[in-house]
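Given the structure is predicted, the values throughout are model-derived calculations rather than measurements. Only heavy atoms go into these numbers, but all of them, side chains included; no hydrogens, no water, no symmetry mates. Residues: numbered from 1 along the sequence shown.
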Amino acid sequence: MTVPESTYRVQLRPEFTFSDAAGIAGYLRDLGIGALYASPVLDAAPGSTHGYDVVDPTRARPALGGEDARRELSALLKELGLGLVVDIVPNHMSVEVPKANKWWWDVLEHGRDSEYASFFDIDWARGPLLLPVLGDDDAVAELTVDGDELAYYDHRFPIAPGTGGGTPQEVHERQHYRLIGWRRGNAELGYRRFFDITNLAAVRVEDPKVFAATHGEVLRWVADGDVTGLRVDHPDGLADPGGYFRRLRENAPNAWIVAEKILHPGEPLPQSWPVDGTTGYDALREIAGVFVDPAGEPGFTELATELGVKTGYHRVEAEARRLVTDRILVAEVRRIAALVRGIDQDAAREAVAETMVAFPVYRSYLPEGAAHWAAAIAGARQARPDLAAALDTLDAQVRAEPDGELATRLQQTSGMVVAKGTEDTTFYRYTRFAALNEVGGNPDRFGLAVEEFHRLAAEREAGHPAAMTTLTTHDTKRSEDTRARMAVLAELPGEFADAVRRWTVRRAIAEPALNLLAWQTLVSTWPIEPARLRDYLDKAAKEAKLRTSWTDHDETFEADVAAWPEDVMADAELAADIEAFVARIEKPGYANSLGQKLVQLTAPGVPDVYQGTELWDFSLVDPDNRRPVDYAVRREILARIADGEQPEIDASGAAKLLVVHKALRLRREHPALFRGYRPLRAEGPAAEHVLAFTRSADLAVAVTRLPVGLAAAGGWRGTVLPLPDGVWTDVLTGREATSDVATLFDRYPVALLVRGDA
């Protein structure tokens, strides 16, 4: 098996192609990376900026350079000794531009007689396919016939053989599909989709024929040695994730395979999955959490309550999930409820919805994960005792037929409810302390104890040492450095609360949850361009679905939110106050950034570096985190470091690149050092401010945590870090290490130590 020492994630798009990726391959090798990790590379919808909307899985995307450029990139990576990990999307395909997806086009033309009819998860019993593309249902009058196509503005659809002639409306009625108003999609759709995105139609990869058709090209690249690893997107949407991974492993026995599986605290990865681990959100939660001061929780709860932000996390989460089942995924809930036998359909719908709302994790995998299923049923009973009989019937049928259609559809949909309800709604409503509102995170758990971190790291080393670890991804709500600076606020709850009170008086956002989120975001990304902050707040407001949403707009509120960033920055007194506060948290934020990065790069697992984050990166949620990366600047700084420069910790971010480079090079050139895991404990009055561990007997890592509290208490005050016998050298500075922590950290707040001549 080809397990990389590390990966570097790049977001390929028409503006950053296979050739552009080849252009940075030498830099990545010099940085110390083990494998280039690419976003989806198969042919995607026209103009796609991310690639998760595949239209043709049988070829490399022409907009990225096509097959020839893909081959050239693969050859160069091999020459440089780098692996190639690609992101694959088994759950769905794009149907936004029907003609771009030849399989979907054929289904529209021939209906259930299409040779591809079984490729998509379509409920043919509901009659013709409903396509929610019209502005409203009256827009059907604007249909025209153009040759063998039915046209509506710039949307085109095939005319089925033998149905030509007549008015456009008459032709429309004779098709295997019906064009309907977009608002009807959530309630009436007859095909499974990706979450609530109607132009991403689900694919039935549980069918061996469909698996072969959708995976053949990528698996050919794996067999040829061009691709060494696979990152599998959203496996929880599949009918049988375990079966899928077993088939994938059979066809790619030597590939490194990681699954984008979101694990809640304490939830194990299903034992039957033959994968190397997750894509690292569990590691993100643990690493980021250990840099959050739990003592800050009461102050933030008090501030949120005072401002009118709800602080009962589980109640907020249940409300948000129920919004999803009742308004967004109505069609999916109805389809599942129709499979429940022996009870009234209204009761069945309520029982199905309430069970998915109550899931303690994203989904179960019956018969695996039976405890999670039981917990969901128990939670539904507690919330709705009036549904006891319906829930009993639902529970009995699912348990009796764990491989049946009811159990399958309910489980694969529960993950959609959790993701849309929790990640995409609750995390924008429950804004008490936003650093915790991260994919795979639990905002009601304020920080992580050091001993708990050690236990979880040791478990990863024992169970999934080749799992990916991450701090930033294309899906994170904020980048690692934004989160690290925000974590400083947990050490200053009183000061921040006082500041927010002052600032809110001068320029509040009229919705409390967004107002509190906005101030946290502003100080953690300062100085941020007003346009970037405006776009972020617009998305946050719509995701929260409190005062406005993507579908039901409050134009007045949206205009006020859009004006907020410039209003704040144009107020000279207010801006000066904010800048002074940022100056207070900036350096501790840098310390947190360096600390969590060194931990991620050296702890158990395969560390991923998201594009550009080898320097400070104060990005927000997509698309903000997909902005172009300036590699010329990074090459120049890396060259200076390679010549021996030890940069200052300043706004340039060069100190972070030093840490990334030294850790990655050591990991790639001396992989044997990164085996095993044992806690290393400091002693003395400031011992709680040290997180340290050893990997092999000859590698030790030590970082500073909670730097504000450390300074307030008077510094290290004789605290020591007892090291095993021998001469230890700090790879970052080249100096001989000492057990005196103040001396160890006098240059940088982190240390990467090797023993002897290791």
Side-chain angles (χ1 to χ4, degrees), residues 5 32 287 290-291 450 453-454 457-458 461 587-588 590-604 607 641-649 654-707 710-711 713-758:
E5 294 85 8
I287 296 170
V290 83
F291 290 88
V450 169
F453 174 85
H454 286 317
E461 174 66 7
K587 289 184 178 179
Y590 290 158
N592 283 347
S593 287
L594 296 178
Q596 67 176 6
K597 197 63 187 176
L598 185 59
V599 170
Q600 185 230 351
L601 295 175
T602 57
I641 290 171
D643 286 340
E645 180 180 318
Q646 293 179 12
E648 298 296 323
I649 303 175
K656 187 180 181 187
L657 197 147
L658 168 76
V659 169
V660 171
H661 170 59
K662 295 293 187 180
L664 289 178
R665 284 291 297 268
L666 189 67
R667 188 157 195 152
R668 190 179 68 194
E669 295 173 4
H670 302 279
L673 290 175
F674 295 84
R675 302 287 185 270
Y677 184 90
R678 294 184 64 182
L680 191 60
R681 297 177 176 88
E683 299 176 3
E688 65 173 334
H689 294 280
V690 179
L691 172 65
F693 53 85
T694 62
R695 295 300 309 273
S696 66
D698 296 320
L699 177 71
V701 176
V703 305
T704 303
R705 60 186 293 269
L706 311 184
L710 173 67
W716 293 112
R717 293 164 289 147
T719 300
V720 297
L721 181 67
L723 295 167
D725 290 342
V727 177
W728 292 82
T729 302
D730 186 352
V731 174
L732 302 179
T733 63
R735 302 185 314 186
E736 183 175 331
T738 171
S739 62
D740 177 67
V741 174
T743 304
L744 183 67
F745 289 153
D746 65 358
R747 185 74 174 95
Y748 298 114
V750 298
L752 175 58
L753 310 176
V754 294
R755 180 162 62 174
D757 59 0

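By the 4.5 Å heavy-atom criterion applied to side chains, Y748 and L658 are counted as neighbours. V290 is listed as a side-chain neighbour of R705, based on a closest heavy-atom distance under 4.5 Å. With contacts defined as side-chain heavy-atom distances shorter than 4.5 Å, the pair W716/L721 does not qualify. Contact annotation: the side chain of L753 never approaches that of L699 to less than 4.5 Å [non-hydrogen atoms, C-beta and beyond]. Contact annotation: the side chain of H454 approaches that of L691 to within less than 4.5 Å [non-hydrogen atoms, C-beta and beyond].
The main-chain N or O of D725 is found under 3.5 Å from a side-chain atom of R755 such that the two form a donor-acceptor pair. With hydrogens and angles disregarded, a donor-acceptor distance shorter than 3.5 Å links the side chain of T704 to the backbone of P749. At distances below 3.5 Å, not a single donor-acceptor pair connects side-chain atoms of R695 with backbone N or O atoms of Y677. At distances below 3.5 Å, at least one donor-acceptor pair connects side-chain atoms of R747 with backbone N or O atoms of Q646. Without hydrogens or angle criteria, R667 side chain to F674 main chain gives no donor-acceptor distance under 3.5 Å.
Counting only residues at least two apart or on different chains, the salt bridge (charged side-chain N to carboxylate O under 4.0 Å, His left out) pairs with a member in residues 729-744 are R735-D746. Residue pairs meeting the salt bridge (charged side-chain N to carboxylate O under 4.0 Å, His left out) criterion with at least one member in residues 673-687, sequence neighbours excluded: E451-R681.
Nearest heavy-atom pair, P707 versus N592, reported as atom, atom and distance to 0.1 Å: CD-OD1, 3.5 Å. Closest of all the heavy-atom pairs between E461 and G676 is OE2-N, 2.8 Å. Residues L744 and A702 approach most closely at CD2-CB, 4.3 Å, considering heavy atoms. Contact detail for A663 and T602: the closest heavy-atom pair is CB-CG2, 4.4 Å.
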Which is it for L723 and L680 under the side chain to side chain contact (heavy atoms under 4.5 Å, CB included) test, yes or no, and what are the steps along the way? CA-CA 8 Å; L723 295 167; L680 191 60; 4.0 Å; yes

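Of the listed residues (L710, V703, V741), just one forms a side chain to side chain contact (heavy atoms under 4.5 Å, CB included) with V690, and that residue is V741.
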